[in-house]
S.K.: 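Got a structure for you, written out below as structure tokens; questions coming shortly.
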Amino acid sequence: MLFKQVFKHLSCIKSSIRTFSRTSRLCTKEFVDRHLQSLINDNEFTSMSSALLHIRSTGHRVFIIQPSMKFKARGRQSTTAQLQLAESVSLIETLDKWRVVGHGIYTLKTSGTQRYLYGKGNVEKIAEEIHECRATAAFVSIDRLSLVQIDGLAEKFCVPIYDRYSIVLQIFKNHAQSGAAKLQVALAEIPLLRYRKNDSELFKDRERNLRAEVVKLEQHRKLIKKRRLSIDIPTVAVVGYTNSGKTSLIKALTKDASLQPKNQLFATLDVTTHAGVLPNALNLLYVDTVGFIADIPTTLIEAFRATLNDAIDAHLLIHVCDISHPDYIVQHKTVMQTLRELDIPSSKLDSMITVFNKYDLFDQEDDDKAISKQEIPDNNNRLYISCKTGQGLDQLIDVLEKKLMIASDRVTCEYRVLQGGQLYQVLANGNQCTIENMIVDEDDPQFIHLKCLFSKTAYAKFQAHYNGASKYLISNDS
């Protein structure tokens with residue numbers, strides 16, 4: 001009799017998993033709109049955009065101008081011009097057919113507002129170096145150049161001029177796969193093109209149409225959120241600096257072989273959800289998000305707010321930081337600043353789990369010194385892991401389980417019920433709760449102990465419907 005009941009319970013669990021799998025696919029249904037497709041695939045606009053931004057099918061030979069600030073902004077004191085240059089090179093190398101043919105670090109003694117950015121001597125030196133390496137474009141690695149500076153430098157260097165805004169936007173355009181991502185990139189491109197043409201009226205119709213599509217996207221996301229709430233599945237949003245290992249972490253936690261993390265900047269632009277199960281049998285969804293980066297206008301990240309709302313609405317956040325990166329302190333601070341700018345509630349930031357990934361590649365001798373100097377809060381929310389070796393993942397899962405139980409208002413109850421009885425069947429079918437484990441009673445094998453996980457809402461409904469269940473209750477952690 002016992003084995004029959006256990007087998008029936010396992011069948012219920014398998015059915016629940018299949019239903020959860022279908023539900024997770026339902027919650028990630030692609031946002032598709034025919035009018036949006038026509039907007040995105042507007043060949044006339046695409047040609048105009050490429051012409052304005054000097055985008056060539058053959059790519060560019062790029063000379064990087066890396067400014068070194070005499071007075072560093074707050075939060076950037078730990079970085080160096082060499083580390084910033086390395087990131088600038090990575091940005092260019094992320095673009096297909098673009099390659100770095102030369103670079104230089106040049107100190108900015110002022111705020112960088114003058115027409116040519118630098119004095120006459122540096123401008124002449126840079127122009128000579130651009131000519132010698134036969135560059136076809138120059139990348140000035142600051143967040144945004146003024147129109148006067150773009151025109152002035154293009155005049156002096158005789159090549160198109162790019163800043164971080166225009167380069168990151170081009171990466172976004174190349175990496176956007178879904179309709180939602182392409183829509184948000186298209187909207188982010190409008191201010192840049194308008195700025196480059198110095199015409200506030202330009203592309204007004206296109207912007208109005210794109211914003212109308214964003215409204216549809218937001219409605220679509222709200223529908224998905226409503227479905228997710230109706231089935232009461234906890235969500236965990238994974239955020240972090242670009243290329244910190246967010247997708248790798250989700251793959252390690254879900255064992256999803258279909259996930260293929262890429263070692264490149266902004267590999268993920270589409271916010272995607274992935275089904276997982278914790279050791280206590282609690283089903284959850286991991287939300288993979290677009291990565292952040294330093295020194296880009298917040299308007300570029302703001303364009304992705306419709307999909308980043310999935311992170312804002314999640315029950316819990318995991319912040320992934322690449323501790324093997326020499327500039328990981330600044331990357332950590334950049335993510336925290338961006339999350340605050342996105343109006344993430346302080347309570348959610350306080351409960352956020354910070355994981356320092358790629359710990360297997362980190363020079364551990366410098367660990368204590370680096371952490372103490374940079375004042376990253378040292379608390380139980382900070383863990384060291386390696387998605388590659390599995391180091392620290394068990395500890396992360398343990399912390400995640402405990403925090404998610406609290407964040408998603410879960411209640412753990414243990415009942416002693418008669419095998420095959422009404423209450424047993426109600427609990428074991430999985431519709432009311434999740435069964436964490438079941439153990440045969442030591443004194444009377446006709447009875448079985450069921451450890452159940454309820455949401456508080458589901459528990460209240462269960463108590464109201466089965467008011468006699470309390471006499472079978474052994475423990476309740478609510």
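Keep in mind that this is a model prediction, so the values were computed, not measured. Along the sequence shown, residues are numbered consecutively beginning with 1.
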S.K.: Whether the Ser386 and Asp360 side chains hold a donor-acceptor pair (N or O, under 3.5 Å, no angle test) is what I'd like checked.
M.R.: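 Looking only at side-chain atoms, Asp360 and Ser386 do form a donor-acceptor pair, the distance falling under 3.5 Å.
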S.K.: Hey, would you say the Tyr328 and Tyr241 ring centroids sit under 6.0 Å apart?
M.R.: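 When the ring centroids of Tyr328 and Tyr241 are compared, they turn out to be at least 6.0 Å apart.
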S.K.: In sequence, state the C-alpha distance, the side-chain angles, and the governing distance for Ile353 and Leu316, and then conclude on side-chain contact (heavy atoms from CB on, under 4.5 Å).
M.R.: CA-CA 8 Å; Ile353 302 171; Leu316 193 65; 4.0 Å; yes
S.K.: Between Ser244 (side chain only) and Gly240 (backbone N and O only), is there a donor and an acceptor less than 3.5 Å apart?
M.R.: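 Such a contact is absent between Ser244 side chain and Gly240 backbone.
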S.K.: Once rounded to the nearest 0.5 Å, what's the spacing between atom OG1 of Thr242 and atom CD1 of Ile293?
M.R.: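 So the OG1 of Thr242 and the CD1 of Ile293 are separated by 6.0 Å.
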S.K.: Do Val355 and Cys321 come within less than 4.5 Å of each other through their side chains, counting heavy atoms only?
M.R.: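 They are not in contact (no side-chain heavy atoms under 4.5 Å apart), so the answer is no.
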S.K.: Does Leu404 reach the side chain of Arg410, with side-chain heavy atoms less than 4.5 Å apart?
M.R.: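 SC-SC contact between Leu404 and Arg410 ruled out.
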S.K.: So which heavy atom on Tyr118 is nearest to which on Pro67, and how close?
M.R.: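 Nearest heavy atoms, Tyr118 then Pro67: OH-CA, 3.3 Å.
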S.K.: Checking the side chain of Gln149 only, and the main-chain atoms of Leu117 only, is there a donor and an acceptor separated by less than 3.5 Å?
M.R.: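 Judged by distance alone, no pair lies under 3.5 Å.
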S.K.: What are the two closest heavy atoms between Ala154 and Ile161, and how far apart are they?
M.R.: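 Answer, listing the atom of Ala154 first, then Ile161: N-CG1, 3.5 Å.
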S.K.: Work out which heavy atom in His274 is nearest to a heavy atom in Leu259; give both atom names and the distance.
M.R.: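 Heavy atoms of His274 and Leu259 come nearest at CE1-CD2, 3.3 Å.
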S.K.: Between Leu145 and Tyr195, which heavy-atom pair has the shortest distance, and what is it?
M.R.: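 So the two residues come closest at O-OH, 3.1 Å.
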S.K.: Locate the shortest heavy-atom distance separating Ala135 from Val159; write the atom from each residue and the value.
M.R.: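 Residues Ala135 and Val159, closest heavy atoms: O-CG1, 3.5 Å.
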S.K.: Mind running side-chain contact (heavy atoms from CB on, under 4.5 Å) on Val101 and Arg134 for me, showing each step along the way?
M.R.: CA-CA 8 Å; Val101 294; Arg134 293 182 296 157; over 6 Å; no
S.K.: Looking at Asp394, is its backbone amide N or carbonyl O close enough to the side chain of Asp398 to form a donor-acceptor pair, meaning the two atoms are under 3.5 Å apart?
M.R.: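 Looks like no, no N/O pair under 3.5 Å.
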S.K.: Any side-chain donor-acceptor pair under 3.5 Å between Ser141 and Arg164?
M.R.: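 Yes.
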S.K.: With a 4.5 Å cut-off on side-chain heavy atoms, are Lys403 and Val399 touching?
M.R.: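 Side chain of Val399 against side chain of Lys403, heavy atoms only: contact under 4.5 Å found.
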S.K.: Can you measure from CD (Gln84) to CG (Asp295) and round to the nearest 0.5 angstrom?
M.R.: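 Answer rounded to 0.5 Å: 6.5 Å.
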S.K.: Between Tyr116 and Asn122, is there a side-chain heavy-atom distance shorter than 4.5 Å?
M.R.: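 Asn122 does not reach Tyr116 side chain to side chain.
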S.K.: Between Asn357 (side chain only) and Val320 (backbone N and O only), is there a donor and an acceptor less than 3.5 Å apart?
M.R.: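 Such a contact is absent between Asn357 side chain and Val320 backbone.
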S.K.: Between the side chain of Thr136 and the main-chain N/O of Arg61, is any donor-acceptor distance below 3.5 Å?
M.R.: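 At least one qualifying donor-acceptor pair exists.
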S.K.: Pairs in or reaching into residues 137-151: which pass salt bridge (charged side-chain N to carboxylate O under 4.0 Å, His left out), with residues at least two apart or in two chains?
M.R.: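 Of all non-adjacent pairs touching residues 137-151, none passes salt bridge (charged side-chain N to carboxylate O under 4.0 Å, His left out).
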S.K.: Please check: side-chain N/O of His60 versus main-chain N/O of Lys97, any donor-acceptor pairing under 3.5 Å?
M.R.: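 Side chain of His60 to backbone of Lys97, a donor-acceptor pair under 3.5 Å: no, none is there.
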S.K.: Among all residues two or more places apart in sequence or in another chain, which pass the ring-ring contact (aromatic ring centres under 6.0 Å, His included) test with His319?
M.R.: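 His319 satisfies ring-ring contact (aromatic ring centres under 6.0 Å, His included) with His332 once adjacent residues are dropped.
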S.K.: Distance check, rounded to the nearest 0.5 Å: Asn209 atom CG versus Leu183 atom CG?
M.R.: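 Output value for this atom pair is 11.0 Å.
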S.K.: Considering all heavy atoms of both residues, which atom of Leu85 and which atom of His103 are nearest to each other, and what is their separation?
M.R.: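 That would be CD2-ND1, 3.5 Å.
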S.K.: One thing to verify: whether Arg194 and Glu207 come together as a salt bridge, which I'm taking to mean a side-chain N less than 4.0 angstrom from a carboxylate O.
M.R.: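 Yes, this pair counts.
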S.K.: Begin with the C-alpha distance, continue with both residues' side-chain angles, and end with the deciding distance and a verdict on side-chain hydrogen bond (donor to acceptor under 3.5 Å, both in side chains) for Asp350 and Ser347.
M.R.: CA-CA 5 Å; Asp350 291 340; Ser347 59; over 6 Å; no
S.K.: To the nearest 0.5 angstrom, please state how far the CD1 atom of Ile55 sits from the OG1 atom of Thr46.
M.R.: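 If I round to the nearest 0.5 Å, the distance is 12.0 Å.
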S.K.: Would you call Glu155 and Arg115 a salt bridge, using N to O less than 4.0 angstrom?
M.R.: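 Salt bridge flag = yes for Arg115 with Glu155.
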S.K.: Are side-chain heavy atoms of Asn280 and Met405 found at a separation under 4.5 Å?
M.R.: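 Touching, per the 4.5 Å side-chain cut-off.
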S.K.: Considering only heavy atoms from C-beta outward, does the side chain of Asn174 approach that of Phe172 to under 4.5 Å?
M.R.: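 With C-beta onward as the side chain, the pair stays apart.
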S.K.: Just verifying a value: how many Å separate Leu453 CG and Thr434 OG1, rounded to the nearest 0.5 Å?
M.R.: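 That separation rounds to 5.5 Å.
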S.K.: Tell me, yes or no, whether the heavy-atom count around Arg56 atom CZ, taken from other residues, nucleotides or ligands under 6.0 Å, exceeds 12.
M.R.: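 Atom CZ in Arg56 is packed in, count exceeds 12.
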S.K.: Hey, could you give me each pair passing salt bridge (charged side-chain N to carboxylate O under 4.0 Å, His left out) that has a residue in residues 165-176? Not counting sequence neighbours.
M.R.: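 Counting only pairs at least two positions apart or across chains, the salt bridge (charged side-chain N to carboxylate O under 4.0 Å, His left out) contacts touching residues 165-176 are Lys173-Glu189.
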S.K.: I would like to know whether Phe45 and Phe203 meet ring-ring contact (aromatic ring centres under 6.0 Å, His included); could you show each step before the answer?
M.R.: CA-CA 9 Å; Phe45 178 83; Phe203 312 125; 5.3 Å; yes
S.K.: Any sub-3.5 Å donor-acceptor pair from Lys358's side-chain atoms to Cys387's backbone N or O?
M.R.: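 Checking the backbone N and O of Cys387 against the side chain of Lys358, no donor-acceptor pair under 3.5 Å is found.
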S.K.: Does some side-chain heavy atom of Ile190 sit less than 4.5 Å from a side-chain heavy atom of Arg206?
M.R.: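 Yes, side chains in contact.
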S.K.: When you measure from the side chain of Ser47 to the backbone N and O of Asn43, does any donor-acceptor pair fall under 3.5 Å?
M.R.: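 Checked: pair present.
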S.K.: Given side-chain contact (heavy atoms from CB on, under 4.5 Å), test Val140 with Tyr106 step by step and report yes or no.
M.R.: CA-CA 11 Å; Val140 183; Tyr106 307 92; over 6 Å; no
S.K.: Between Lys246 and Asp322, does any side-chain N to carboxylate O distance fall below 4.0 Å?
M.R.: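 No, this pair does not count.
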S.K.: Donor-acceptor pair, distance only, cut-off 3.5 Å: does the side chain of Thr289 make one with the backbone of Val238?
M.R.: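 Yes.
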S.K.: Indicate yes or no: at least one non-hydrogen side-chain atom of Thr247 is less than 4.5 angstrom from one of Lys251.
M.R.: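 Thr247 does not reach Lys251 side chain to side chain.
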S.K.: Per the side chain to side chain contact (heavy atoms under 4.5 Å, CB included) rule, which among Leu393, Leu396, Thr354, Leu400 passes with Leu383?
M.R.: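 The passing option is Leu396.
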S.K.: Just verifying a value: how many Å separate Leu53 CG and Tyr162 OH, rounded to the nearest 0.5 Å?
M.R.: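 These two atoms lie 6.5 Å from each other.
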S.K.: Please confirm whether the backbone N or O of Thr235 pairs with a side-chain atom of His315, one donor and one acceptor, at under 3.5 Å?
M.R.: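 At least one qualifying donor-acceptor pair exists.
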S.K.: Give the C-alpha distance, both sets of side-chain angles, the deciding distance and a yes or no for side-chain contact (heavy atoms from CB on, under 4.5 Å) between Phe139 and Ile65.
M.R.: CA-CA 6 Å; Phe139 170 33; Ile65 302 168; over 6 Å; no
S.K.: We want to know whether Asp409 and Ser455 form a side-chain donor-acceptor pair, criterion being a heavy-atom distance below 3.5 angstrom.
M.R.: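 No pair is found: no donor N or O on one side chain lies under 3.5 Å from an acceptor on the other.
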